[in-house]
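Sequence lines set the chain letters: A, B, ... in the order given, protein chains first and strands last, and positions in each chain run from 1.
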There are 2 protein chains.
Amino acid sequence: MRLSTKGRYGVTAMMDLAIHDNAGPVTLADISQCQGISLSYLEQLFAKLRKNNLVEGVRGPGGGYRLSRPADQINVAEIISAVDEKVDVTKCSNQGDCQNGERCLTHDLWTELSDRLYTFLSGITLAQFVNRPGIHELAIQRDKINGRFILARRQAEMLNQNRHQQSN
Amino acid sequence: MRLSTKGRYGVTAMMDLAIHDNAGPVTLADISQCQGISLSYLEQLFAKLRKNNLVEGVRGPGGGYRLSRPADQINVAEIISAVDEKVDVTKCSNQGDCQNGERCLTHDLWTELSDRLYTFLSGITLAQFVNRPGIHELAIQRDKINGRFILARRQAEMLNQNRHQQSN
DNA sequence: CAAATTCCTACTAATTTAGTCGGAAATACA
DNA sequence: TGTATTTCCGACTAAATTAGTAGGAATTTG
């Protein structure tokens, strides 16, 4: 019984977006470099996240990805389902035709297990996780090492205004 | 997030042993035929179950496998751990060195998830499952179709006595 | 001794996971 | 308008895991 790296990468990357949520879109290049995941692989994962309405992409320079909903409305079960296909440990995908067209002896066991798994995971939102004590500080440290910055929205906007003023 | 067939086969096979517990050893040939799993593959699984002291093998004609402990002292988590290696969804096998030698941002999440999974599964014993309403009847039906029989312990003992009397 | 059964090791096939490559489309900015 | 940056897309490849096969040795019953 295991979680594939897809699921782990997905959740970790989404947490990254959540942490930097107020600093504009996050590029996959950043995440790739920070977490040592290949860019193309991340692109594939984010294609799935986008199809499941969990993120939205912004093209062009200064673009990247941002959460498509507030972090307290995205839970871990959704993310894993999106990238990892499903949270389901039954053989028959809960169709009940596991053994020669009938339910196998252990069908109910797997169904119940799947349910509990899903319930557990859907109770954990990105917001809950990001707001854990220490997480934010840890993220800032990491960002410094990696040359990234967590900007408050106001700072980001000021920066934008400055750019516009300079160009005009 | 999924359970491999190893885990499912393992649990299903163990349930088979539990159901036929009072009828002497169960041969892998029986299980193989009944559940459509290849004999050699079952042998590999049972090698692991044996190494983990969940079953014991009896060689020779009339042999097979039996539970090495009463069914109420064997839980599903043990079985899955034995055949499927582990019930653990962290990347680092809970060593805490997931990201460049340090704990990754989501480490605690995976640890907690693994714990809850294990707790849930270890709360389910083979006995609980076998004693569910309807299971025994279902198993008897299946056995008839497959030409197997569930003998009550007393019947099995009488059979044994008869054999001994005949041989003496 | 013959048959039934576990026990053991090595090999193979299929599937999934992880990753690569090359490029098209959109956008910001100069 | 052109260039750099970024998402977006599809096809390909490599590695790992899972599932299954094959063949035979060891043990026990009768």
Hey, does the side chain of [X] come within less than 4.0 Å of [N]'s phosphate (OP1/OP2), counting only N and O?
X: S38(A); N: dT20(C); answer: yes
X: Y9(B); N: dG20(D); answer: yes
X: R50(A); N: dC9(D); answer: yes

Considering only [options], which nucleotide approaches the side chain of [X] most closely?
X: K6(B); options: dC8(C), dA19(D), dT20(C); result: dA19(D)
X: T27(B); options: dT20(C), dT5(C), dA22(D); result: dT5(C)
X: P61(B); options: dT17(C), dT29(D), dC7(C); result: dT29(D)
X: Q44(A); options: dT20(C), dA4(C), dT6(D); result: dT20(C)

Nearest-Å distance, [atom1] ([X]) to [atom2] ([N])?
X: E56(B); N: dT28(D); atom1: CD; atom2: P; value: 13 Å
X: Y65(B); N: dT27(D); atom1: OH; atom2: P; value: 14 Å
X: R8(A); N: dG19(C); atom1: CZ; atom2: P; value: 11 Å
X: Q33(A); N: dT5(D); atom1: CD; atom2: P; value: 14 Å
X: I31(A); N: dT5(D); atom1: CD1; atom2: C1'; value: 16 Å
X: L42(A); N: dT17(C); atom1: CG; atom2: P; value: 17 Å
X: L17(B); N: dT5(C); atom1: CG; atom2: P; value: 15 Å
X: L45(A); N: dT17(C); atom1: CG; atom2: P; value: 12 Å

Nucleotide N/O to protein N/O under 3.5 Å, stretch nucleotides 23-25 of chain C:
{"from": "dA25(C)", "atom 1": "N3", "to": "R59(A)", "atom 2": "NH1", "distance (Å)": "3.4"}

Closest-nucleotide mapping onto DNA chain C: is Y41(A) or L39(B) further toward the 5' terminus? I mean the 5' end.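 Mapping each residue to its closest nucleotide by heavy atoms, the 5'-most match is L39(B).
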
Under 4.5 Å between any side-chain heavy atoms of M15(B) and L126(B), yes or no?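 M15(B) vs L126(B): side chains touch.
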
Residue pair E78(B), R69(B): steps toward the side-chain contact (heavy atoms from CB on, under 4.5 Å) verdict: CA-CA 12 Å; E78(B) 287 178 289; R69(B) 274 176 271 155; 3.3 Å; yes

Ionic contact status for K48(B) with E43(B), cut-off 4.0 Å: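 No salt bridge links E43(B) with K48(B).
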
Derivation of the side-chain contact (heavy atoms from CB on, under 4.5 Å) call for T125(A) and Q73(A): CA-CA 7 Å; T125(A) 68; Q73(A) 285 168 41; over 6 Å; no

If only atom types and distance count, is the side chain of Q128(A) paired as donor or acceptor with the main-chain N or O of G123(A) below 3.5 Å?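 Indeed, once roles are kept as given, a pair shorter than 3.5 Å links the two residues.
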
When clusters are formed by joining ILVMFWY residues with side-chain heavy atoms under 4.5 Å apart, either directly or through shared neighbours, do L28(B) and V58(B) land in the same one?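 No: no chain of side-chain contacts under 4.5 Å links L28(B) to V58(B).
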
Return the CE to CG distance between M14(B) and L54(B), rounded to the nearest 0.5 Å.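 One gets 4.5 Å once the value is rounded to the nearest 0.5 Å.
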
Scan F46(A) against the nucleic acid and name what it touches under 4.0 Å (heavy atoms): base, sugar-phosphate only, or nothing.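 If one applies the 4.0 Å heavy-atom cut-off, F46(A) turns out to touch nothing in the nucleic acid.
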
Would you classify I37(A) as touching base, sugar-phosphate or nothing, given that sugar-phosphate means primed atoms plus P, OP1 and OP2, and contacts are heavy atoms under 4.0 Å?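 Touches nothing.
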
Where do Y41(B) and S32(B) land on the side-chain contact (heavy atoms from CB on, under 4.5 Å) test, with the steps shown first? CA-CA 9 Å; Y41(B) 199 44; S32(B) 165; over 6 Å; no

Pairwise 5' ranking along DNA chain D for S40(A) and G62(A), keeping only the more 5' one: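 In this pair, the answer is G62(A).
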
If you assign each of G63(A) and K51(A) to its closest nucleotide in DNA chain D, which residue comes earlier from the 5' end?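 That would be G63(A).
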
